[in-house]
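Written below as structure tokens is the structure these notes are about.
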Amino acid sequence: MTSHTAAQISAGAYTATIDPHGAGLATLLYDGKPLVVGYTSTRPMTAGALLAPWPNRTGDGIFSHHGTIHRLPCTEPDRNNALHGYAADATWEITDRSPGSVTMQWQGPARTEWAWPLVYSITWALADDGLSAELTVTNISTETAHPSTASSPFGMGWHPYLSALGAPLDECTLSMPAATNLPLDPERLLPAGPEIPATEIVGKHQHMAGITLDHCFRLDAPQANSNHAAHHIELHNAAGSGARLWADERFGWCQVYTSPESAPTIGRAVAVEPMTCPPNALRSGESLLQLASASSTRFRFGISAI
């Protein structure tokens, strides 16, 4: 994982490993079979990581907040983009643990390129019905005379590679409630025009043989149940079993990426990345959240077996 000890949790037929490097999901097994394409040493290709305080890409690393220009480091230099925020590369501290859950915390300090100090706390928990995560983000900045240094812009995402109990991706079907596709410039993967029907790119139940994706979708309205409203995305193997990813109603967007056979450790797999906002949201403002000073907000997401 890193030099920091990973947390092993279990409940019923589920076991999981949570990596303090980014507080992300390293492994998730159901009856010994994978629900994500996991790792046991160095994290490959952002697998399982949390993406905050913005997911995806910010073009040129430049954005304006309440009229003040901010410049982020371009961590994707070949495309001149600022990629996936800071949380994924931070070392999180384990603050509580039990056989079936672990809580980790990290404080993202105010810095020259990101003026807002944010405290993150996530609890990963296993139960008989699968894995859940609850993330709380608190803006600990104090009120100032200028809103650009108090209220924080915010977006987040999650980057698991789903696995249908270990079946090869080309034997699987991806079921996703996508409403529209946001076209992206193929060179920089930034928004390039108005949304189009998602069915012009993928079907609602898309067989993945030969399919290559690095696309952003706006999701349909979430499904409601007795506990909470959530978006559901499923990867089924040929027998109809597999993994169900869910994310609360704030995750109205999803980036779907298929890695190539040559991808180290991962191989050919599908990353299903629920996001609260699309690429370049720090610049466009689309679906971008605002965290007032001295306020908190919560996000819920998880994976279960089908």
Side-chain angles (χ1 to χ4, degrees), residues 1-9 16-28 36 38-58 61 63 70-77 81-97 101-125 131 133-141 152-161 247 250-251 255 265 271 273-277 281-282 288-289 291 295-302:
M1 299 294 171
T2 64
S3 59
H4 300 272
T5 303
Q8 308 282 342
I9 57 176
T17 308
I18 310 301
D19 189 352
H21 178 214
L25 179 64
T27 66
L28 178 62
V36 297
Y39 62 97
T40 57
S41 54
T42 303
R43 184 184 69 203
M45 300 177 66
T46 326
L50 303 179
L51 315 176
W54 74 92
N56 216 292
R57 294 166 173 86
T58 299
F63 70 99
H70 298 267
R71 297 178 182 272
L72 304 168
C74 287
T75 50
E76 191 181 39
N81 294 323
L83 182 66
H84 288 334
Y86 305 115
D89 287 326
T91 298
W92 293 52
E93 179 185 359
I94 295 176
T95 57
D96 191 30
R97 66 188 304 172
S101 69
V102 62
T103 299
M104 297 182 178
Q105 187 176 88
W106 172 64
Q107 180 171 331
R111 56 187 90 196
T112 302
E113 66 271 21
W114 189 267
W116 309 276
L118 303 176
V119 174
Y120 301 79
S121 179
I122 187 167
T123 297
W124 293 95
L131 177 74
E134 181 169 301
L135 173 70
T136 301
V137 183
T138 303
N139 179 1
I140 61 172
S141 63
S152 171
F154 190 80
M156 78 152 297
W158 182 34
H159 202 297
Y161 289 79
R250 293 197 180 192
F251 293 87
Q255 185 89 8
T265 306
E273 308 167 36
M275 306 180 297
T276 61
C277 56
L282 286 176
L288 191 65
L289 302 175
L291 302 185
S295 71
S296 297
T297 190
R298 290 178 174 82
F299 306 89
R300 298 184 73 249
F301 45 92

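Since the structure is predicted, the reported quantities are computational estimates derived from the model, not experimental observations.
Contact check on Arg300 versus Glu134 returns a salt bridge, with a Lys/Arg side-chain nitrogen under 4.0 Å from an Asp/Glu carboxylate oxygen.
In this structure, Ile94 and Val102 approach most closely via the heavy-atom pair CG2-CG2, 3.9 Å. When all heavy atoms are compared, the tightest approach of Ser101 to Thr123 is CB-CG2, 4.5 Å. Across Gly61 and Ala82, no two heavy atoms sit closer than the pair CA-CB, 4.0 Å. Contact record, Pro20 with Ala6: CD-CA, 3.8 Å, taken as the closest heavy-atom pair. The two residues Pro153 and Leu288 make their nearest non-hydrogen contact at CB-CD2, 3.8 Å. Residue Met45 comes nearest to Tyr161 through the heavy atom pair O-OH, 3.2 Å, listed as atom of the first residue, atom of the second, then distance.
Taking NE2 from His70 and CZ from Arg111, the interatomic distance works out to 14.0 Å, rounded to the nearest 0.5 Å. The structure places CZ of Arg43 at 9.5 Å from NE2 of His159, a figure rounded to the nearest 0.5 Å. Rounding to the nearest 0.5 Å places CG of Leu291 at 6.5 Å from OG1 of Thr297. Here the straight-line distance linking atom NE2 of His84 with atom CG of Asn56 works out to 6.0 Å at 0.5 Å rounding. The structure places CD of Glu76 at 5.0 Å from CG of Leu83, a figure rounded to the nearest 0.5 Å. Separation of atoms OH (Tyr120) and OG1 (Thr138) is listed at 10.5 Å; rounding is to 0.5 Å.
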Intermediate values then yes/no, side chain to side chain contact (heavy atoms under 4.5 Å, CB included), Gln107 and Ile140: CA-CA 10 Å; Gln107 180 171 331; Ile140 61 172; 3.5 Å; yes
Set out, in order, the CA-CA distance, both residues' side-chain angles and the distance that settles side chain to side chain contact (heavy atoms under 4.5 Å, CB included) for Asp89 and His21, then state yes or no. CA-CA 6 Å; Asp89 287 326; His21 178 214; 3.7 Å; yes
Residue pair Leu51, Met275: steps toward the side chain to side chain contact (heavy atoms under 4.5 Å, CB included) verdict: CA-CA 9 Å; Leu51 315 176; Met275 306 180 297; 5.6 Å; no
Going through the checks in order, is the side chain to side chain contact (heavy atoms under 4.5 Å, CB included) test met by Leu135 and Trp158? CA-CA 11 Å; Leu135 173 70; Trp158 182 34; over 6 Å; no
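Judged purely by atom type and a 3.5 angstrom limit, Thr276 uses its side chain to pair as donor or acceptor with the backbone of Met156. No donor-acceptor distance shorter than 3.5 angstrom exists from the side chain of Thr103 to the backbone of Thr95, with no hydrogens or angles considered.
Between Trp114 and Tyr86, the ring planes lie perpendicular to each other; the angle is over 60°, past the 30° to 60° tilted range. Note: Phe301 and Phe251 have perpendicular aromatic rings, judged against thresholds of 30 and 60 degrees for the angle between ring planes.
Only one option out of Asp19, Thr17, Thr27, Thr265 pairs with Tyr39 in a side-chain hydrogen bond (donor to acceptor under 3.5 Å, both in side chains); it is Asp19.
Thr46 has its side chain out of reach of Glu273: every pair of non-hydrogen atoms, C-beta onward, lies at least 4.5 Å apart.
If you look at Trp92 and Trp124, their ring centroids are not closer than 6.0 Å.
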